[in-house]
Amino acid sequence: MANEAAATPHLTRTRIDVDALVARVASVEAGALCTFLGTARRHSEGKEVNLLCYEAYPEMADAAIAAIVAEAQAQFAGARVAALHRLGDCPLGEASVAVVAAAPHRVEAFAACRYVIDAIKARAPIWKQEQFRDGTAWVGDPGSFRPREGG
Amino acid sequence: MTSRSEIAVRVLLFAGLAERAGVRERRLAELPAALTIDALLARLERDYPFLREVPFTVARNRALARRDEALEDGDEVALLPPVSGG
């Protein structure tokens, strides 16, 4: 299966190491470093979620995130950005996506970080499946609910 | 062997589309040369009628594509449901 391919620079199948991501962009030129973590939430539109599971079109998603990072670095003065999205199971409370933006000043660091997370959510071919006690559903795909087998 | 007048493409399905189809990847061979993406989708709808009901965009060789584009031999065509990463 495509999703069992090895990790890429912007996709990982294991827990996100934020410190390693910070190390990719940190430098003595940066006076600000903004970190955003998207984390797996228990409630979704009134239903209780047990687990999130992410799937991607890995080659295209990795290229999309690389392009988004490059756009942010071109747009915001002195910004250096790293971004990583998790695939596979993401237990509640753990990070499904991380963006780290370093810049000489905080205005650009915040702006670059915001730009990258918003663009990843809008453009990267990545899909989130919510697992409930009684079945699973793909977010944003009405009609995709499937009852748990034997449930 | 595929003749010059015929092409073969790989079709990838993701997330809810793969789940509904029960398959993540199909290879379609012996297609007419210069078949458009629209015409390919019409063929796929015969096997997967749900494709008429659910929204998706199409990528050709890992870039978003228009549906009037003509396919070439060896193309990778991906059907992408609305994204929900993050």
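Below, read A as the first sequence line, B as the second, and so on, with proteins coming before strands; counting in each chain starts at 1.
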- Query: Less than 4.5 Å apart, any side-chain heavy atom of A:Trp127 and any of B:Pro81?
  - Reply: yes
- Go through the atoms of B:Leu12 and report whether side chain, backbone, both or neither lie under 4.5 Å from a heavy atom of chain A. side chain
- Query: Does any heavy atom of chain B fall under 4.5 Å from the side chain of A:Arg86, the backbone, both, or neither of them?
  - Reply: neither
- Between B:Val83 and A:Arg123, the two heavy atoms sitting closest are CG2-N, 4.3 Å
- Item | Between CD on residue A:Glu55 and CZ on residue B:Arg24, distance to nearest 0.5 Å | 4.0 Å
- Count the heavy atoms of every other residue, nucleotide or ligand shown that sit under 6.0 Å from CZ of B:Arg43, and state whether that count exceeds 12. yes
- Sub-3.5 Å donor-acceptor pair from the side chain of A:His85 to the main-chain atoms of B:Gly86, do we have one? yes
- Message: Can you tell me if B:Phe56 has over 12 outside heavy atoms packed within less than 6.0 Å of its CZ?
- Response: yes
- Where A:Met60 and B:Leu64 come nearest, the two heavy atoms and their spacing: CE-CD2, 3.9 Å
- Task: Find the distance between CG (B:Leu13) and OH (A:Tyr57) and round it off to the nearest 0.5 Å.
- Result: 11.0 Å
- Note on the structure: Turns out that what part of A:Ala137 lies under 4.5 Å from chain B's heavy atoms comes down to neither
- Query: If two hydrophobic side chains count as joined below 4.5 Å and joins carry through other members, does A:Ile117 share a cluster with A:Ile126?
  - Reply: yes
- Can you establish whether the number of heavy atoms outside A:Arg42 located under 6.0 Å from its atom CZ is more than 12? no
- More than 12 heavy atoms from other groups under 6.0 Å of CZ on B:Arg67: yes
- Linking I/L/V/M/F/W/Y whenever their side-chain heavy atoms sit closer than 4.5 Å, directly or via other members, would B:Tyr48 and B:Ile37 fall into one cluster? yes
- How long is the gap from CZ on B:Arg20 to CG on A:Asp141, to the nearest 0.5 Å? 4.0 Å
- Message: Side chains of B:Ser84 and A:Lys121, heavy atoms from C-beta outward: is any pair under 4.5 Å?
- Response: no
- Within a radius of less than 6.0 Å around CZ of A:Arg24, do more than 12 heavy atoms belonging to other residues, nucleotides or ligands occur? yes
- Query: So if you build clusters from Ile, Leu, Val, Met, Phe, Trp, Tyr with side-chain heavy-atom gaps below 4.5 Å, do A:Phe36 and A:Leu11 land together?
  - Reply: yes
